[in-house]
Amino acid sequence: MAANSQPDSAAAWFGMQCSPLDLRRWQNFRNNTRGYWSLWIFLALFTLSLFAEVVANDKPLLVRYDGMFYAPILFAHAETEFGGEFALEADYRDPYVQDLIDAKGWILWPPIPYSYDTIDYGIQTPLPAPPSSRHYLGTDDQARDVLARVLYGFRISILFGLALTALSSVLGIAAGAVQGYFGGLIDLLMQRFIEIWEGLPVLYLLIIMAAVIEPSFASLLILMLLFSWTGLVAVVRAEFLRVRNFEYVRAAKALGVSDAKIMTRHILPNAMVATLTFMPFILSGSVTTLAGLDFLGFGLPLGSPSLGEMLQQGKNNLQAPWLGITGFVVIGVMLSLLVFIGEAVRDAFDPRKLFS
C-alpha cells in the first residue's frame, strides 16, 4: 500500500476519536498541496500578528536597571524608577531616559522598535520616507512605520473577518434551516424578503451608515453583519429541502422527536458539509469589504492600523510607491492564501473524492 494512503502524523492531531471519514477528509485536504501549505503559511502569519506587541512596539521587551528587571510591554513604569524627574510613564524613546537606563543597565528592544501609531520624529528625509535600515518598508506620510502597521493591520483584518464570518454563518444557517425545514408560506415569505434585502445597494448603505454612526470595530461588525448573513441561506435551505422528507427524518417525527432536535441533530450535519466549503470564501470577502471601506475613509477609526488605509495613502502619495505596493502585496497574499485554503476544504468534503 502506498505511503500516502496511511494517516500521516498530522492526522494524529484529530485524536484517537476521529472517524475514518474525518481522516479521509484530512487526507484529501492534505493531497491538495497548494491549499495545505497555504494553511500553514496563513497560520504562521496570523500567529505572528497575534504577537504583534512583542514583534513591533515602541516599548522595550525587557529593561534591566540597577540590578532589577522591568517589563515595559506588560507594566507601566514611571520615569522616576529609572532616576528621572517625572512621575509619569517613562518615554523609552527619549534619549534622556535611555541614557539613564544605560548608565546602570541595558534595554532589550523588539525586532521592530515602533508600534503602529509611533511617530518617528528623528527622520531626516521628506515624508513619506523610503525603505531603509531604520524603517524596512519605509514610513507613511505621518512618519509611522509601514511594517509595524502592516503587522497590526493584518491582525485586525483577520480577526474582523473571522468574527463576521462566524456571526453571519450562524444567522445564515439558522435562516436557511427554518426555510428549508418548514417550507410552505414561511419559506415563501422569507425567500421574498431575502431577494429584496439582497437587492439593496449594500456598499452605499454601509457608507451612509458609517458616516452617521461613529466608526468602531463593533459598529462596523454589526453594520456589515446586517447584509452578510444571506450568503449561506440558499445552500442550507437547499440541503434542508432535500433531506426533510427522507425516511429517517419522517421516522423521527413519528417517534415524537421535536423539530428543533431533528433540525440540529439529523439534518444540520449534512448541511454543514456544504457550509464549511463556503466559509473561507466568506472570510476573504469580509476582509475585502473592510479594506474597501477603509480605503474610502468609512472604515475603522482614524489612526487605526488598516490595510485599506495604507492603499489610500499609496493613492494620495504616488511619489512613494512602496506604500501602494506594500498594501497590494499584503492584501493579495492574504486573499490568495484564503482562496487556496477554501479550494482545499472543498476538495476535502467533495463526495466524489471521499468515496473514490
Side-chain angles (χ1 to χ4, degrees), residues 38-39 41-56 115-117 140 144 146-173 202-232 275-276 278-314 323 326-342 345:
S38 295
L39 174 64
I41 294 172
F42 175 78
L43 290 177
L45 295 175
F46 183 47
T47 303
L48 180 65
S49 70
L50 290 178
F51 295 92
E53 286 79 6
V54 179
V55 180
S115 185
Y116 68 90
D117 58 352
D140 59 12
R144 298 173 300 189
V146 171
L147 184 54
R149 291 186 65 80
V150 164
L151 193 60
Y152 283 87
F154 185 92
R155 179 176 66 181
I156 198 171
S157 296
I158 296 300
L159 290 178
F160 184 91
L162 289 174
L164 183 59
T165 300
L167 293 175
S168 60
S169 297
V170 171
L171 293 179
I173 291 172
V202 177
L203 183 58
Y204 293 117
L205 290 176
L206 287 174
I207 291 175
I208 293 172
M209 292 180 180
V212 175
I213 301 174
E214 183 178 357
S216 66
F217 187 96
S219 64
L220 278 178
L221 184 63
I222 294 173
L223 290 178
M224 293 179 63
L225 179 62
L226 293 176
F227 301 99
S228 63
W229 61 273
T230 60
L232 291 175
T275 301
L276 289 173
F278 276 90
M279 282 189 176
F281 303 103
I282 297 176
L283 175 57
S284 62
S286 302
V287 172
T288 304
T289 304
L290 177 63
L293 288 175
D294 288 332
F295 177 80
L296 296 174
F298 297 98
L300 296 171
L302 188 64
S304 300
S306 166
L307 300 179
E309 190 263 349
M310 184 172 298
L311 291 177
Q312 184 189 53
Q313 290 228 12
L323 294 175
T326 300
F328 171 78
V329 170
V330 172
I331 294 178
V333 169
M334 181 197 306
L335 296 181
S336 298
L337 292 176
L338 292 175
V339 170
F340 293 155
I341 293 171
V345 172

Problem set entry | Heavy-atom pair of closest approach, residues Asp294 and Glu309 | CB-N, 3.8 Å

Exercise. Which pair of non-hydrogen atoms, one from Val287 and one from Gly161, has the smallest distance, and what is that distance?
Worked result: CG2-CA, 4.4 Å

Exercise. Any idea which heavy atoms bring Leu307 and Ser157 closest together, and the distance?
Worked result: CD1-OG, 3.8 Å

Seminar exercise, completed: To the nearest 0.5 Å, atom OG of Ser219 lies from atom CE of Met224 at 11.5 Å

For this session: Compare every heavy atom of Thr165 with every heavy atom of Leu283, then report the nearest pair and how far apart it is.
Result: CA-OG1, 3.3 Å

Problem set entry | For Arg155, salt bridge (Lys or Arg N to Asp or Glu O under 4.0 Å) partners two or more places apart | Glu53

Exercise. From Ser169 OG over to Ile282 CD1, what is the distance, rounded to the nearest 0.5 angstrom?
Worked result: 4.5 Å

Problem set entry | Partners meeting ring pair (Phe, Tyr, Trp, His ring centres under 6.0 Å) with Tyr152 (sequence neighbours left out) | Tyr116

For this session: Please round to the nearest 0.5 Å and tell me the distance separating atom CD1 of Ile341 and atom CG of Leu43.
Result: 6.5 Å

Exercise. Looking only at heavy atoms, what is the nearest atom pair of Leu221 and Phe160, with distance?
Worked result: N-CE1, 3.6 Å

For this session: Answer yes or no: is there a side-chain heavy-atom contact under 4.5 Å between Ser49 and Ile158?
Result: no

Exercise. Rounded to the nearest 0.5 Å, how far does CG of Leu335 lie from CZ of Phe340?
Worked result: 11.0 Å

Exercise. Say you draw a straight line from CG of Leu45 to CG of Leu50; how long is it, rounded to the nearest 0.5 Å?
Worked result: 11.0 Å

Exercise. Out of curiosity, Leu290 CG to Ile156 CD1, how far, rounded to the nearest 0.5 Å?
Worked result: 7.5 Å

Exercise. Is there side-chain contact between Gln313 and Arg144, with at least one heavy-atom pair below 4.5 Å?
Worked result: yes

Problem set entry | Student check: side-chain heavy atoms of Phe46 and Leu159 closer than 4.5 Å | yes

Exercise. So, does Ser306 use its side chain to make a donor-acceptor pair with the main chain of Gly308 at under 3.5 Å?
Worked result: yes

Exercise. Under a 4.5 Å cut-off applied to non-hydrogen side-chain atoms, are Ile331 and Leu311 in contact?
Worked result: yes

Exercise. Hey, does Met279 have a side-chain heavy atom less than 4.5 Å from the side chain of Val345?
Worked result: no

Exercise. At their closest point, which heavy atom of Met310 faces which heavy atom of Thr326, and how far apart are they?
Worked result: SD-CG2, 3.9 Å

